[in-house]
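The first residue in the sequence is number 1, and the count goes up from there.
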Amino acid sequence: MIKRYGIFLIGLTFMSLGIVLIIKSALGTSPISSVPYVLSLALPFTVGQFNFAVSSLMFILQPIILRNKFEWVQILQVPMTFIFCAFIDLFMYIFAWLHPQAYYQHIFVLLIGCICMGIGVTCQLLGRVVMLPGEGLVNAIATRWKLDFGKIKVIFDWSLVAMAAVISLYYFGTIEGIREGTLVSAFATGMLVKFFMNMLLKIRIKRIGKLRQQCRINKLKSNEN
């Protein structure tokens with residue numbers, strides 16, 4: 001259990017770092033953080049603070065949707081989200097100096113951010129502790145109405161982007177915080193998670209094969225003795 005929580009916290013760290021690097025690429029932000037980021041541009045609160053507020057709303061909706069099917073262990077989403085949002089603000093402070101100039105530098109920072117996001121999501125899946133409220137709400141909708149999680153996740157993410165665009169138009173009269181990087185991060189993160197999971201599966205299969213081979217060798221040696 002300690003190992004699983006440790007892996008999950010590592011995932012939160014990488015995911016928050018990935019979100020910050022995508023923001024610092026100045027090519028947009030990830031879909032899940034699009035609303036908090038646009039609100040942070042318009043109002044005097046940080047990305048992490050708005051992220052916690054939006055995530056809290058997503059958490060509150062879960063027991064309303066699931067009713068008696070809601071697992072109360074998922075209340076751990078609240079402290080995990082607080083840690084996650086604190087990491088976002090911490091990394092925003094650490095990387096305050098980062099301002100890419102040339103377009104290739106923007107792309108480089110964006111790709112590093114996507115890789116960090118991919119590692120973070122992979123670690124969260126491996127930890128198997130709780131979901132963050134965004135994924136938790138998607139899971140609640142999919143469970144309640146027996147829908148496909150992946151399809152609902154795509155609709156949910158792009159709904160957040162649409163909401164961020166409306167908020168941006170309201171406050172600035174133009175689209176802020178949503179650019180090509182939003183599209184890249186949306187598709188690249190999923191592909192990277194699939195890549196990392198497949199890579200870990202291959203390593204595990206290879207390790208099991210070596211253990212079985214070693215067991216056979218030990219068995220032959222014991223028979224000879």
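- A continuous path of ILVMFWY side-chain contacts below 4.5 Å connects Ile112 to Ile32, so both sit in one hydrophobic cluster.
- Linking Ile, Leu, Val, Met, Phe, Trp and Tyr residues whenever their side-chain heavy atoms come within less than 4.5 Å places Leu132 and Tyr37 in a single cluster.
- Considering only heavy atoms from C-beta on, Ile175 comes within 4.5 Å of Leu169 through its side chain.
- Side-chain atoms of Ser34 come within 3.5 Å of backbone N or O of Pro31 as a donor-acceptor pair.
- Using a 4.5 Å heavy-atom threshold, the side chains of Leu98 and Val20 count as separate.
- Residues Met117 and Ser30 meet the side-chain proximity criterion, which asks for heavy atoms closer than 4.5 Å.
- In this structure, Leu160 is a member of the same hydrophobic cluster as Leu43, with clusters built from ILVMFWY side-chain heavy atoms closer than 4.5 Å.
- With sequence neighbours left out, the ring-ring contact (aromatic ring centres under 6.0 Å, His included) criterion links Trp72 to Phe70.
- Residue Phe195 places its CZ atom among 12 or fewer non-hydrogen atoms of other residues, nucleotides or ligands, all under 6.0 Å distant.
- Every residue two or more places apart in sequence or in another chain that forms a ring-ring contact (aromatic ring centres under 6.0 Å, His included) with Phe50 is listed here: Phe45.
- For the atom pair CE of Met92 and NZ of Lys24, the computed distance is 5.5 Å after rounding to the nearest 0.5 Å.
- Remark: Ile2 CD1 to Ile7 CD1 distance equals 12.5 Å, nearest 0.5 Å.
- Here the closest non-hydrogen pair linking Gly48 and Ile88 is N-CG2, 4.1 Å.
- Heavy-atom contacts from other residues, nucleotides or ligands closer than 6.0 Å to CD1 of Ile75 number 12 or fewer.
- How far CG of Leu90 is from OG1 of Thr46: 11.5 Å, rounded to the nearest 0.5 Å.
- Gln124 places none of its side-chain heavy atoms less than 4.5 Å from the side chain of Phe84.
- For the pair Ile19 and Phe91, the minimum side-chain heavy-atom distance is 4.5 Å or more.
- Side chains of Val161 and Thr182 form a contact here, defined as non-hydrogen atoms less than 4.5 Å apart.
- A donor-acceptor pair under 3.5 Å is formed between the side chain of Ser168 and the backbone N or O of Glu176.
- The two residues Ser25 and Gly28 make their nearest non-hydrogen contact at OG-O, 4.4 Å.
- Scanning all heavy atoms of the two residues, the minimum distance from Gln101 to His99 falls at NE2-O, 2.9 Å.
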Side chain to side chain contact (heavy atoms under 4.5 Å, CB included) between Trp145 and Ile152, intermediate numbers included:
CA-CA 11 Å; Trp145 288 284; Ile152 298 302; over 6 Å; no

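- Within 6.0 Å of atom OH in Tyr5, more than 12 heavy atoms from other residues, nucleotides or ligands are found, so the atom counts as buried in its surroundings.
- Side-chain contact between Thr143 and Ile65: absent, with no pair of heavy atoms (C-beta onward) separated by less than 4.5 Å.
- The structure places CE of Met80 at 14.0 Å from CE of Met131, a figure rounded to the nearest 0.5 Å.
- Taking hydrophobic clusters as Ile, Leu, Val, Met, Phe, Trp and Tyr residues chained together by side-chain heavy-atom distances below 4.5 Å, Leu57 does not share a cluster with Phe82.
- Considering Glu71, Gln77, Lys69 in turn, Gln77 is the only one that fulfils the side-chain hydrogen bond (donor to acceptor under 3.5 Å, both in side chains) rule with Gln62.
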Could you walk me through whether Phe8 and Val130 satisfy the side chain to side chain contact (heavy atoms under 4.5 Å, CB included) test, starting with their C-alpha distance in whole Å, then the side-chain angles of each, then the deciding distance to 0.1 Å, before giving a yes or no?
CA-CA 9 Å; Phe8 188 82; Val130 292; 4.1 Å; yes

Where do Ile23 and Phe95 land on the side chain to side chain contact (heavy atoms under 4.5 Å, CB included) test, with the steps shown first?
CA-CA 10 Å; Ile23 290 173; Phe95 289 97; over 6 Å; no

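- Between the CG atom in Asn51 and the OG atom in Ser56 there is a gap of 9.5 Å [rounded to 0.5 Å].
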Going through the distances and angles, do Ile119 and Phe196 end up as a side chain to side chain contact (heavy atoms under 4.5 Å, CB included)?
CA-CA 7 Å; Ile119 294 172; Phe196 289 136; 3.6 Å; yes

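- The CG atom of Leu110 lies 10.0 Å from the CD1 atom of Ile115; values are rounded to the nearest 0.5 Å.
- Asn139 has its side chain out of reach of Lys153: every pair of non-hydrogen atoms, C-beta onward, lies at least 4.5 Å apart.
- Shown here for Leu137 and Phe156, the closest heavy-atom pair between the two residues is CD2-CE1, 3.7 Å.
- When all heavy atoms of Ile178 and Ala164 are compared, the pair lying nearest together is CD1-CB, 3.7 Å.
- Residues Leu183 and Leu192 do not share a hydrophobic cluster, clusters being chains of Ile/Leu/Val/Met/Phe/Trp/Tyr side chains in contact below 4.5 Å.
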